[in-house]
Asks: 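Below you'll find the structure I mean.
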2 protein chains.
Amino acid sequence: MSETASTVGSTTYQRIKRDIIFGALKPGAKLKLDALKAVYKTSLSTLRETLNRLASEGFVEAPPQRGFLVKPISVIDLKEIAHLRVLLECHALELSLENGDTDWEGNLVSAHHKLNLMEQKMLGGDASKKEIWKRYDWEFHLAMIQACNSKNLLALHSTLYDKYLRYQMIVLTNRGEAAVQEHRDMFEAAIARDAEKAKSLLTQHIENGLEHTLAAMDRGELVV
Amino acid sequence: MSETASTVGSTTYQRIKRDIIFGALKPGAKLKLDALKAVYKTSLSTLRETLNRLASEGFVEAPPQRGFLVKPISVIDLKEIAHLRVLLECHALELSLENGDTDWEGNLVSAHHKLNLMEQKMLGGDASKKEIWKRYDWEFHLAMIQACNSKNLLALHSTLYDKYLRYQMIVLTNRGEAAVQEHRDMFEAAIARDAEKAKSLLTQHIENGLEHTLAAMDRGELVV
DNA sequence: CTTGGCAATAATATCTGATATTTTTATTTT
DNA sequence: AAAATAAAAATATCAGATATTATTGCCAAG
């Protein structure tokens with residue numbers, strides 16, 4: 001979701017990943033190399049490097065000898081991802097609440113505040129900024145667990161967050177006021193260092209999102 | 001650890017990954033492209049694709065503009081990995097014990113039997129077969145959790161197992177009889193579907209391995 | 001001697017273009 | 001309509017070229 005280093009490779013990587021997450025590249029779509037070369041204006045070699053990376057992260061599939069395709073979606077997959085996110089994020093949250101110092105807390109307050117501001121705007125119906133809004137959501141969730149003291153854990157979580165996000169972006173509707181309140185509750189439990197409560201709220205938060213997405217998928221409300 | 005598809009790319013991938021895990025490529029070592037090209041007899045493009053994949057899995061680092069190097073080791077990193085393995089493998093184990101059917105059980109019995117046979121040989125001092133032995137260890141641990149019903153979870157676990165394994169291969173000594181007994185206990189708890197006991201044994205098993213490796217690292221007993 | 005700066009060298013990132021092999025698609029035959 | 005086959009498209013892999021960036025070694029200044 002973040003990453004700097006403006007080399008051609010890393011830029012292409014970010015762009016394609018973003019296009020997969022936000023649905024510009026549809027689940028299951030064939031990723032024809034020549035076509036991508038034209039779209040992303042980059043060479044075959046760079047493209048293949050990028051796609052290999054995305055394949056190993058699970059955003060792309062690479063069946064041998066037949067190129068690449070956007071990882072398909074499925075209800076099963078979504079459920080797995082949601083449950084793993086609960087597992088990892090709760091664990092990280094617990095560690096983070098134990099270790100978080102003043103800086104951590106300050107950063108969290110800031111992240112929550114920014115998210116909240118954005119959420120108010122979103123409630124006003126301005127859906128054009130979905131992407132920015134989700135960046136604040138990410139930054140809030142990251143801020144919560146940032147003091148967990150495990151780079152490996154944060155890395156795994158980051159990928160899971162993105163996979164979960166893709167499913168959220170696939171459905172048209174958002175959860176509105178409910179999610180806003182959940183963020184606020186989690187935030188307060190975190191500041192109070194109430195790990196059990198925070199974890200339970202987080203679990204609920206993710207599972208509510210899951211249900212919402214599943215329901216929308218059932219009704220076929222997908223972004224085509 | 002497994003994988004078929006004998007394309008040049010996937011073969012090189014497996015070989016380099018294996019060389020990192022088993023220490024032929026030392027932690028922190030610079031991966032010069034020309035040198036690798038000669039060793040693995042493959043083209044630059046294929047090599048870079050491979051290294052990109054390994055980088056995204058965390059076996060290789062790729063600082064921008066300066067090529068690739070084998071992921072360095074550290075005590076911190078080892079601890080993180082061990083703890084994550086406990087978290088994920090215990091979770092998977094619990095699910096697996098709930099869902100495992102007769103086929104799962106049969107496969108587990110077989111995997112444990114094979115591991116046990118190999119372990120008896122190893123106790124006899126034949127360290128030359130470390131790699132084969134570890135494959136049986138892997139197959140046993142995988143058999144335990146295979147019925148967890150989550151491809152995503154199994155994929156994450158597989159990578160963690162390999163990372164943990166690398167640290168184990170770095171120290172010279174093995175844990176011998178103790179680990180054999182632990183495997184047996186875990187196996188029996190699993191067959192009895194005693195999830196709590198199985199999880200606690202597994203946790204202990206991994207943490208014992210961690211302590212053993214940490215102690216050896218402290219004493220500097222590293223494979224150079 | 002050590003440190004800072006600069007030239008020479010090595011290595012990387014990226015691109016273009018070529019070829020063998022494999023898939024996919026279209027066409028023909030039974 | 002199914003099977004067999006030919007034609008077209010796409011992929012995997014390789015080789016080689018270039019601009020850019022890192023590294024190394026050398027020399028002067030303190």
Side-chain angles (χ1 to χ4, degrees), chain A residues 1-20 24-72 155, chain B residues 1-20 24-72 155:
Chain A
M1 204 77 186
S2 47
E3 214 141 324
T4 32
S6 94
T7 146
V8 175
S10 72
T11 310
T12 322
Y13 167 79
Q14 287 169 234
R15 287 178 60 203
I16 298 187
K17 183 170 170 183
R18 183 180 155 288
D19 285 348
I20 291 175
L25 294 168
K26 307 295 172 211
K30 185 88 218 297
L31 294 167
K32 291 227 190 78
L33 294 168
D34 279 327
L36 293 196
K37 235 172 67 173
V39 174
Y40 296 99
K41 304 237 184 345
T42 171
S43 71
L44 193 69
S45 10
T46 304
L47 247 181
R48 288 189 54 95
E49 288 181 23
T50 301
L51 293 174
N52 268 286
R53 253 165 97 182
L54 289 168
S56 104
E57 288 177 54
F59 293 101
V60 158
E61 283 188 0
Q65 231 72 47
R66 27 177 113 181
F68 304 89
L69 57 128
V70 178
K71 168 100 186 190
Chain B
M1 204 79 185
S2 45
E3 213 140 325
T4 32
S6 93
T7 147
V8 175
S10 72
T11 310
T12 327
Y13 167 80
Q14 287 169 233
R15 286 178 61 203
I16 298 187
K17 183 170 172 182
R18 181 179 156 290
D19 285 348
I20 292 176
L25 294 169
K26 309 293 174 214
K30 185 90 221 297
L31 293 168
K32 293 227 189 78
L33 294 168
D34 279 328
L36 293 196
K37 233 171 71 171
V39 174
Y40 296 100
K41 303 234 185 348
T42 169
S43 72
L44 193 69
S45 10
T46 304
L47 248 182
R48 288 188 54 94
E49 287 179 25
T50 301
L51 293 174
N52 269 287
R53 253 165 94 181
L54 289 167
S56 103
E57 288 176 54
F59 292 99
V60 157
E61 282 189 359
Q65 232 72 47
R66 26 174 117 178
F68 304 89
L69 56 129
V70 179
K71 167 102 190 188

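Everything quoted here is computed from the prediction, not taken from an experiment. Order of the sequence lines fixes the chain letters, A, B, ..., with proteins taken first and strands second; residue numbering starts at 1 for each chain.
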Asks: Around Lys32(B), counting heavy atoms of other residues, nucleotides and ligands shown, do more than 12 lie under 6.0 Å from its NZ?
Replies: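 No, the 6.0 Å shell around NZ holds no more than 12 heavy atoms from other groups.
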
Asks: Between Lys37(A) and Phe68(B), which has a closest nucleotide on DNA chain C that is more 5'?
Replies: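 So the residue in question is Phe68(B).
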
Asks: Rounding to an integer number of Å, can you tell me how far Leu69(A) CG sits from dT24(C) P?
Replies: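 After rounding, the reported distance stands at 11 Å.
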
Asks: Treating primed atoms plus P, OP1 and OP2 as sugar-phosphate and everything else as base, which nucleotides of nucleotides 17-23 of chain C get B, S or - for protein heavy atoms under 4.0 Å?
Replies: -----SS

Asks: For residues Ser56(A) and Glu57(B), report the shortest heavy-atom separation together with the two atoms involved.
Replies: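 Smallest interatomic distance, heavy atoms only, reads OG-CG, 3.9 Å.
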
Asks: Taking the cut-offs as 6.0 angstrom to the six-membered ring centre and 45 degrees off its axis, would you call Arg15(A) and Tyr40(A) a cation-pi pair?
Replies: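 Not flagged: Arg15(A) not positioned over aromatic ring of Tyr40(A).
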
Asks: Which whole-number value in Å describes the distance from Tyr13(B) OH to dA12(D) P?
Replies: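 Those two atoms, OH and P, are 17 Å apart.
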
Asks: Of the residues in residues 54-61 of chain B, which ones touch DNA chain D at a heavy-atom distance under 4.0 Å?
Replies: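 Correct list: empty, so none.
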
Asks: Check whether any side-chain nitrogen or oxygen of Lys30(A) sits under 4.0 Å from OP1 or OP2 of dT11(D), and answer yes or no.
Replies: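 Checking dT11(D) against Lys30(A), a side-chain N or O does come within under 4.0 Å of OP1 or OP2.
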
Asks: Return the value, rounded to whole Å, for the distance between atom CG of Leu31(B) and atom P of dT12(C).
Replies: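 Whole-Å distance recorded here is 9 Å.
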
Asks: Distance check needed: dA12(D) C1' versus Glu49(A) CD, whole Å only.
Replies: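 It works out to 14 Å between those atoms.
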
Asks: OP1 or OP2 of dT13(D) sitting under 4.0 Å from any side-chain N/O of Thr7(B)?
Replies: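 So the side chain of Thr7(B) is within the cut-off, an N or O lying under 4.0 Å from OP1 or OP2 of dT13(D).
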
Asks: What's the CZ-P distance between Arg48(B) and dT13(D), to the nearest Å?
Replies: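 Going from Arg48(B) (CZ) to dT13(D) (P), I get 16 Å.
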
Asks: Does the side chain of Ser43(A) pick up a donor-acceptor pair with the side chain of Thr46(A) at under 3.5 Å?
Replies: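 Checked: Ser43(A)/Thr46(A) side chains pair up, N/O donor to acceptor below 3.5 Å.
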
Asks: Picking from dA15(D), dT14(C), dA10(D), which would you name as closest to the side chain of Lys32(A)?
Replies: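 The nucleotide sitting nearest to the side chain is dA10(D).
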
Asks: What's the CG-P distance between Leu47(B) and dC14(D), to the nearest Å?
Replies: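 Roughly 9 Å, once rounded to whole Å.
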
Asks: If I take atom CG in residue Leu51(B) and atom C1' in nucleotide dT12(C), what distance separates them, rounded to the nearest angstrom?
Replies: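 It works out to 12 Å between those atoms.
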
Asks: Contact class for Ser45(B) vs. all strands (heavy atom < 4.0 Å): base, sugar-phosphate, or nothing?
Replies: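 It contacts base atoms.
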
Asks: Determine the minimum heavy-atom distance between Leu31(A) and Leu69(A), stating which atoms define it.
Replies: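 Looks like CD1-C, 3.8 Å.
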
Asks: Let me know the distance between CG of Asp34(A) and C1' of dT16(C), rounded to the nearest Å.
Replies: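 Value for this atom pair: 13 Å.
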
Asks: Would you say Thr46(A) places a side-chain N or O within less than 4.0 Å of OP1 or OP2 belonging to dA13(C)?
Replies: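 No, no such contact exists.
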
Asks: Any side-chain donor-acceptor pair under 3.5 Å between Ser45(B) and Ser45(A)?
Replies: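 Checked: Ser45(B)/Ser45(A) side chains show no N/O donor-acceptor pair below 3.5 Å.
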
Asks: Mind checking the NZ-OG1 spacing from Lys37(A) to Thr42(A)? Nearest 0.5 Å is all I need.
Replies: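 Lys37(A) NZ to Thr42(A) OG1: 9.5 Å, rounded to 0.5 Å.
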
Asks: With respect to Phe68(A), which candidate in Leu33(A), Leu47(A), Thr50(A), Ile16(A) satisfies the side-chain contact (heavy atoms from CB on, under 4.5 Å) definition?
Replies: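 The passing option is Leu33(A).
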
Asks: What I want to find out is whether Glu49(A) reaches Arg53(B) closely enough, with some N-O distance under 4.0 Å, to be called a salt bridge.
Replies: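 So Glu49(A) does not pair with Arg53(B) through a salt bridge.
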
